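Working notes, structure below.
Not measured: the values here are computed from a predicted model.
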Amino acid sequence: MSPWREWMRIALGGLGWRPVDFWGATLTEFFEAIHGRNEANGVDEGPKPPSKGEMDALLAKYG
């Protein structure tokens, strides 16, 4: 499934947006809306990706 279909499913089903709202939003607005809803509902964002320093250390250690 394309990311656009997944994102549209989240916007229409999860956020309650109309199609015109989804297609009129920038990607930044869309993802900020998701983060805002999660924050308002006390949802943990999950693990963060490794920082550059952490990634460098992992590459140095494991190649």
Side-chain angles (χ1 to χ4, degrees):
M1 179 184 319
S2 76
W4 287 104
R5 284 187 176 268
E6 290 181 42
W7 297 339
M8 188 166 43
R9 185 174 294 158
I10 292 167
L12 304 181
L15 297 174
W17 287 9
R18 301 171 300 153
V20 69
D21 299 326
F22 172 72
W23 291 112
T26 66
L27 287 176
T28 299
E29 292 167 336
F30 172 66
F31 286 107
E32 285 301 314
I34 293 169
H35 293 307
R37 181 180 172 117
N38 287 346
E39 187 177 293
N41 288 301
V43 175
D44 183 14
E45 298 256 347
K48 301 284 186 228
S51 68
K52 180 169 177 3
E54 291 168 327
M55 197 67 205
D56 290 342
L58 287 168
L59 287 171
K61 185 172 182 178
Y62 299 107

Donor-acceptor pairs under 3.5 Å, side chain of residues 54-63 to any protein atom, not counting sequence neighbours: which ones?
{"residue": "Glu54", "atom": "OE1", "partner": "Ser51", "partner atom": "N", "Å": "2.7"}
{"residue": "Glu54", "atom": "OE1", "partner": "Ser51", "partner atom": "OG", "Å": "3.3"}
{"residue": "Asp56", "atom": "OD2", "partner": "Lys52", "partner atom": "NZ", "Å": "3.2"}

In this structure, CH2 of Trp17 is separated from CH2 of Trp23 (nearest 0.5 Å) by 12.0 Å

With sequence neighbours left out, the residues meeting side chain to side chain contact (heavy atoms under 4.5 Å, CB included) with Ile34 are Ile10, Leu15, Phe30, Phe31, Asn38

For residues 21-34, the salt bridge (Lys or Arg N to Asp or Glu O under 4.0 Å) pairs (sequence neighbours left out) are Arg18-Asp21

For Val20, the other hydrophobic cluster members (4.5 Å side-chain criterion, sorted by chain and number) are none

